*Asks:* 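If you scroll down you'll find the structure; I have some questions about it.
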Amino acid sequence: MPTDCISYQNSGYFSPLMNDYLDQKNELHSLYHRFPTLENFEKQIEEKKNNFNGNGNGNLKRQTLVNVLKNQYAKLTVSAETLNHIELLNDPNTFTITTGHQLNLFSGPLYFLYKIISTINLTKELKAKYPTYNFVPVYWMATEDHDFEEINYFNFKGKKFRWNKESTGPVGRLSTEGLADFLEIFSLEIGSSTNAKTIKKLFEDSYIKHDNLADATRYLANELFGSAGLVILDADNQDLKRSFIPYIKDELLHQSSFKAVTETIAKMKDYFVQVNPREINLFYIEDNLRERIILENGIYKVNHTKIEFTETEILKLLESNPEKFSPNVIMRPLYQEVILPNLCYIGGGGEIAYWLELKSFFASAKVTFPILLLRNSVLLATEKQNKKADKLNLTWSDLFSKQASLVNRVTQKLSDFPIDFTEQKEALKKQFETLLELTNHTDKSFLGAVKAQEVKQTKGLEMLEKRLLIAQKRKFHDELQRIIDLQNELFPNQSLQERQANFSEFYLENGDRLIPQIMSHLKPLEQNFNIITLD
């Protein structure tokens, strides 16, 4: 199975901030702790070990974590590898590598797989490098998110399948009632092959046989990755949040995150800022409610409700019911690093961008900032598509180009004469330079006429150049259309395949070989966009 790659920086699909992070530009050094290299994990292990055990409660946090995980896995068939990893979390020499993801319906886009595979593969590399320690891959389910519109659909072969349902509270608690009809519609789309039947059963067992979205997603991820020892965590839990009480209290009383993150954002003026902090970065949650906590005139109010607390009342509620407090995008990373013996967070470009806003906040909270690793990105191709690209003399760099640019470049390559009037434009420029010299020896009114004529004739040449390019595109229409068709297959909607397609589309053709094939080729510490040709 041939594999190729292109660097993230040359792919054209990553932000200037991510490109500069990957290039380790000096101006970004203050925004992260250690760059993700195998060697840098040695110091990260030592620092996290000391910090996690800080005030002597490391063992208690580990025991709580293990107990919560055992309860969450109680109704699942759990692999020996995952059971072993859960037990190992009691060991002070065990650390986690974590990725997080929303509870997208039927797993959502392909990069759900790539995040988790990156996490699993990194734990293997670390175990080989540091055999005296244990490394556990963790998938943190974003069960407390409430933006249902972001997760209630997936794409299959260019069609969008959307679950139309009302949701106002944390999505993890959302009932799966009504998904049977949705699954039936999807089943008609994928046919009745052996692989199609496997997909149907997987989705049915996940979503029809479980009562809420958190349990359904846990089952699905466990079926796909349990054999590799993946540990799946739902942090919407009272016992886990009890460890986070001091940080929630500090946020309520002092708004520490707002101050620290705002200062950091000021250093990022040359980049797009992924998220902006609020004065209080916490939500109040119940089964059908997740709304911001706002402080007004000494009273803590729950946005869009009549719920409100005095300072004494809200601190009392925090001690008795910490599960009613939900961290937002600014506070969630801190919560993760407080309850997990975590070394590294693996995420997409947007996630790493907002983590880069948080280092000073972590410093103020005295919690070790994790190594930040950009997840693997993948383009899946077939042997047939590979052969088409070869026949059309296209490189992967060509195919990653924006379509208009690619078509123009190929048109110029196919033409037996240059579609470029640069030489004529230069000649015209020199002619008008000579004419402009004459203005020094005659009436100044001549200057305006010369300049107007230069603009007119230059525009005329540019228009002719464009019309010639259009004429050549018509001449080579058939070959250009084959190139466009191939690029559209690989980059649906002229976007990354991994952000558009669902894994079921590829499972239909590749079955149980799909995930092992991808897993065998991804190396998370290499900064390459992988192109994998499936068998």
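Treat the numbers as computed from the prediction; the structure is a model and nothing was measured.
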*Asks:* Is there side-chain contact between I232 and N222, with at least one heavy-atom pair below 4.5 Å?
*Replies:*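 Result yes, sub-4.5 Å side-chain heavy-atom pair found.
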*Asks:* Quick one: closest heavy-atom pair of N376 and E526, and the distance?
*Replies:*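 N376 and E526 have their closest heavy atoms at ND2-O, 4.5 Å.
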*Asks:* Holding to side-chain contact (heavy atoms from CB on, under 4.5 Å), I want the full list of residues that pass it with K129, two or more places apart in sequence or in another chain.
*Replies:*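 Here the qualifying residues are L38, E39.
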*Asks:* Using distance alone, with no hydrogens and no angle criterion, decide if Q274 and E357 have a side-chain donor and acceptor under 3.5 Å apart.
*Replies:*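 There is no such pair between these side chains.
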*Asks:* Closest approach of T143 and A214, non-hydrogen atoms and distance?
*Replies:*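 Scanning both residues, the minimum pair turns out to be CG2-CB, 3.8 Å.
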*Asks:* Is it true that the side chains of S175 and N212 contain a donor and an acceptor less than 3.5 Å apart?
*Replies:*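 No - no donor-acceptor pair under 3.5 Å links their side chains.
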*Asks:* Spell out, as yes or no, whether a donor-acceptor pair under 3.5 Å connects the side chain of E505 to the backbone of K157.
*Replies:*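 Checked: pair present.
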*Asks:* Determine the minimum heavy-atom distance between Y354 and P333, stating which atoms define it.
*Replies:*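 Answer, listing the atom of Y354 first, then P333: CE1-CG, 4.0 Å.
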*Asks:* If we ignore hydrogens and angles and just use 3.5 Å, is the side chain of T217 paired with the main-chain N or O of L213 as donor and acceptor?
*Replies:*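 At least one qualifying donor-acceptor pair exists.
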*Asks:* Take a 6.0 Å sphere around CD of Q481 and say whether it holds more than 12 heavy atoms from other residues, nucleotides or ligands.
*Replies:*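 Counting neighbours around CD of Q481, more than 12 heavy atoms of other residues, nucleotides or ligands fall under 6.0 Å, so yes.
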*Asks:* Taking C-beta and beyond as the side chain, do F369 and L358 meet within less than 4.5 Å on heavy atoms?
*Replies:*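 Yes; the side chains approach each other to less than 4.5 Å.
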*Asks:* Determine whether Q403 and I484 make a side-chain contact, defined as any pair of heavy atoms from C-beta on separated by less than 4.5 Å.
*Replies:*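 Yes, at least one pair of side-chain atoms sits under 4.5 Å.
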*Asks:* Do Y32 and W355 pass the ring-ring contact (aromatic ring centres under 6.0 Å, His included) test, and can you show the C-alpha distance, the side-chain angles, and the key distance before you say yes or no?
*Replies:* CA-CA 8 Å; Y32 61 92; W355 274 86; over 10 Å; no
*Asks:* Would you call the rings of Y8 and F14 parallel, tilted or perpendicular, where under 30° means parallel and over 60° means perpendicular?
*Replies:*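 Plane angle between 30° and 60°, so tilted.
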*Asks:* Do we see a donor-acceptor contact under 3.5 Å between the side chains of K473 and N408?
*Replies:*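 Result is yes, a qualifying pair exists.
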*Asks:* Do T533 and N386 pair up side chain to side chain, a donor and an acceptor below 3.5 Å, judged on atom types alone?
*Replies:*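 Yes, N386 and T533 have a side-chain donor paired with an acceptor closer than 3.5 Å.
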*Asks:* State whether R34 and E42 are salt-bridged, where the test is any N-O pair (Lys NZ or Arg NE/NH1/NH2 against Asp/Glu carboxylate O) under 4.0 Å.
*Replies:*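 No salt bridge links R34 with E42.
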*Asks:* Quiz question: by atom type and distance under 3.5 Å, do the side chains of E47 and H33 form a donor-acceptor pair?
*Replies:*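 Side chains of E47 and H33: pair found under 3.5 Å.
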*Asks:* Side chain of K159, backbone of E189: donor and acceptor closer than 3.5 Å?
*Replies:*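 No.
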*Asks:* Taking the six-membered ring for Trp, are F225 and Y139 closer than 6.0 Å centroid to centroid?
*Replies:*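 Centroid separation for F225 and Y139: 6.0 Å or greater.
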*Asks:* Do the charged groups of D215 and R218 touch, with an N to O distance under 4.0 Å?
*Replies:*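 Salt bridge between D215 and R218, a charged N being under 4.0 Å from a carboxylate O: yes.
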*Asks:* Please name the pair of heavy atoms, one in Y207 and one in A216, separated by the smallest distance, quoted to 0.1 Å.
*Replies:*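 Heavy atoms only, the tightest pair is CD2-CB, 3.6 Å.
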*Asks:* Can you classify the ring geometry of F156 versus F186 as parallel (below 30°), tilted (30 to 60°) or perpendicular (above 60°)?
*Replies:*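 Rings of F156 and F186: perpendicular, as their planes differ by over 60°.
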*Asks:* When you compare the side chain of F400 with that of F529, does any pair of heavy atoms fall below 4.5 Å?
*Replies:*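 Side chain of F529 against side chain of F400, heavy atoms only: contact under 4.5 Å found.
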*Asks:* To the closest 0.5 Å, what do you measure between CZ (F491) and CG (L496)?
*Replies:*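 Interatomic distance, F491 CZ to L496 CG, rounded to 0.5 Å: 6.5 Å.
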*Asks:* Output, in order, the C-alpha distance, side-chain angles, deciding distance and verdict of salt bridge (charged side-chain N to carboxylate O under 4.0 Å, His left out) for E204 and K197.
*Replies:* CA-CA 10 Å; E204 184 178 290; K197 289 176 181 176; over 6 Å; no
*Asks:* Ignoring hydrogens and angles, tell me if any N or O in the side chain of D234 forms a donor-acceptor pair with the backbone of D236 under 3.5 Å.
*Replies:*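 Yes, D234 side chain to D236 backbone: donor-acceptor pair under 3.5 Å.
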*Asks:* Measuring only between side-chain heavy atoms, which start at C-beta, is D512 closer than 4.5 Å to Y507?
*Replies:*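 The answer is yes; the side chains approach within 4.5 Å.
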*Asks:* Would you say CG of D211 has more than 12 non-hydrogen atoms from neighbouring residues, nucleotides or ligands within 6.0 angstrom?
*Replies:*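 Atom CG in D211 is not crowded, with 12 or fewer foreign heavy atoms closer than 6.0 Å.
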*Asks:* Taking atom types as modelled, find out whether Y153 and N104 have a side-chain donor-acceptor pair closer than 3.5 angstrom.
*Replies:*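 Judged by distance alone, the side chains do not pair up.
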*Asks:* Holding to side-chain contact (heavy atoms from CB on, under 4.5 Å), I want the full list of residues that pass it with A235, two or more places apart in sequence or in another chain.
*Replies:*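 By the side-chain contact (heavy atoms from CB on, under 4.5 Å) rule, A235 matches W140, L240, Y335, I339.
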*Asks:* Establish, yes or no, whether a centroid distance under 6.0 Å links the rings of Y130 and F41.
*Replies:*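 No, ring centres 6.0 Å or more apart.
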*Asks:* Do D23 and Q9 have a side chain donor and acceptor closer than 3.5 Å?
*Replies:*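 Indeed, the side chains of D23 and Q9 share at least one donor-acceptor pair under 3.5 Å.
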*Asks:* Around atom NZ of K201, are there more than 12 heavy atoms from other residues, nucleotides or ligands closer than 6.0 Å?
*Replies:*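 At most 12 heavy atoms, drawn from other residues, nucleotides or ligands, come within 6.0 Å of this atom.
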*Asks:* What's the shortest heavy-atom distance between D205 and K209, and which atoms?
*Replies:*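 Closest approach of D205 to K209: OD1-NZ, 3.0 Å.
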*Asks:* Do we see a donor-acceptor contact under 3.5 Å between the side chains of S227 and E81?
*Replies:*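 No, E81 and S227 have no side-chain donor paired with an acceptor closer than 3.5 Å.
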*Asks:* Centres of the F112 and F503 rings: under 6.0 Å?
*Replies:*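 No, the ring centres sit 6.0 Å or more apart.
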*Asks:* Just by modelled atom types, is the L88 backbone N or O under 3.5 Å from a matching donor or acceptor in the T94 side chain?
*Replies:*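 Judged by distance alone, yes, a pair lies under 3.5 Å.
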*Asks:* Pick out which of L399, D398, L394 makes a side-chain contact (heavy atoms from CB on, under 4.5 Å) with Q487.
*Replies:*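 With Q487 as partner, L399, D398, L394 yield a single side-chain contact (heavy atoms from CB on, under 4.5 Å), made by L399.
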*Asks:* For the residue pair D20 / Y271, report whether a side-chain donor-acceptor contact shorter than 3.5 Å exists.
*Replies:*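 Yes, a side-chain donor-acceptor pair sits under 3.5 Å.
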*Asks:* List the residues meeting side-chain hydrogen bond (donor to acceptor under 3.5 Å, both in side chains) with N276, not counting sequence neighbours, and say none if there are none.
*Replies:*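 Here no residue qualifies.
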*Asks:* Could you check if a side-chain atom of V378 sits within less than 4.5 angstrom of a side-chain atom of L110, using non-hydrogen atoms only?
*Replies:*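 In short, these two side chains do not touch, never coming nearer than 4.5 Å.
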*Asks:* Would a distance-only check, ignoring hydrogens and angles, find a side-chain to backbone donor-acceptor pair under 3.5 Å from E87 to N84?
*Replies:*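 Pair absent, no side-chain N/O of E87 close to backbone of N84.
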*Asks:* Scan side-chain atoms only and decide if N488 and D485 contain a donor-acceptor pair under the 3.5 Å cut-off.
*Replies:*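 No, D485 and N488 have no side-chain donor paired with an acceptor closer than 3.5 Å.
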*Asks:* Between OH of Y21 and CD of Q527, what distance do you get to the nearest 0.5 Å?
*Replies:*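 Rounded to the nearest 0.5 Å, the OH-CD separation comes to 9.0 Å.
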*Asks:* Any side-chain heavy-atom pair from E184 and K200 closer than 4.5 angstrom?
*Replies:*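 Not in contact.
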*Asks:* Is the closest side-chain donor-acceptor distance between Y345 and E351 under 3.5 Å?
*Replies:*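 Yes.
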*Asks:* Can you check whether F506's main-chain N or O pairs, donor with acceptor, with N510's side chain at less than 3.5 Å?
*Replies:*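 Checked: pair present.
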*Asks:* What I want to check is whether the side chains of S504 and N502 have a donor and an acceptor closer together than 3.5 Å.
*Replies:*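 Short answer, yes.
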*Asks:* Answer yes or no: is there an ion pair linking K48 with E337, defined by an N-O contact shorter than 4.0 Å?
*Replies:*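 Salt bridge between K48 and E337, a charged N being under 4.0 Å from a carboxylate O: yes.
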*Asks:* Using modelled atom types and a 3.5 Å cut-off, is there a donor and acceptor pairing between side-chain atoms of T82 and backbone atoms of V78?
*Replies:*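 Not a single qualifying donor-acceptor pair exists.
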*Asks:* Tell me, with the steps shown, if T96 and N342 meet side chain to side chain donor-acceptor pair (under 3.5 Å).
*Replies:* CA-CA 5 Å; T96 61; N342 195 52; 2.8 Å; yes
*Asks:* Looking only at side chains, do S7 and N528 share a donor and an acceptor under 3.5 Å apart?
*Replies:*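 No pair is found: no donor N or O on one side chain lies under 3.5 Å from an acceptor on the other.
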*Asks:* Just by modelled atom types, is the Q472 backbone N or O under 3.5 Å from a matching donor or acceptor in the T411 side chain?
*Replies:*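 No, T411 side chain to Q472 backbone: no donor-acceptor pair under 3.5 Å.
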*Asks:* State whether a side-chain donor-acceptor pair under 3.5 Å links Q500 with N493.
*Replies:*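 Present: a donor and an acceptor within the cut-off.
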*Asks:* Among side-chain atoms of K127 and N134, is any donor-acceptor pair under 3.5 angstrom?
*Replies:*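 Yes, side-chain donor-acceptor contact under 3.5 Å.
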*Asks:* Looking only at heavy atoms, what is the nearest atom pair of I120 and A228, with distance?
*Replies:*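 Where I120 meets A228 most closely, the heavy atoms are CD1-CB, 3.7 Å.
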*Asks:* Could you give the distance from CG (L373) to CD1 (I346), rounded to the nearest 0.5 Å?
*Replies:*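 If we round to the nearest 0.5 Å, L373:CG and I346:CD1 are 4.5 Å apart.
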*Asks:* Side chains of H29 and Q24: does their closest heavy-atom pair fall under 4.5 Å?
*Replies:*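 Yes. Closest side-chain heavy atoms under 4.5 Å.
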*Asks:* Within the distance-only criterion (no hydrogens, no angle test), does the side chain of H210 pair as donor or acceptor with the backbone N or O of Y219 below 3.5 angstrom?
*Replies:*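 Pair absent, no side-chain N/O of H210 close to backbone of Y219.
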*Asks:* Quick one: do the R375 and T99 side chains pair a donor with an acceptor below 3.5 Å?
*Replies:*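 No pair is found: no donor N or O on one side chain lies under 3.5 Å from an acceptor on the other.
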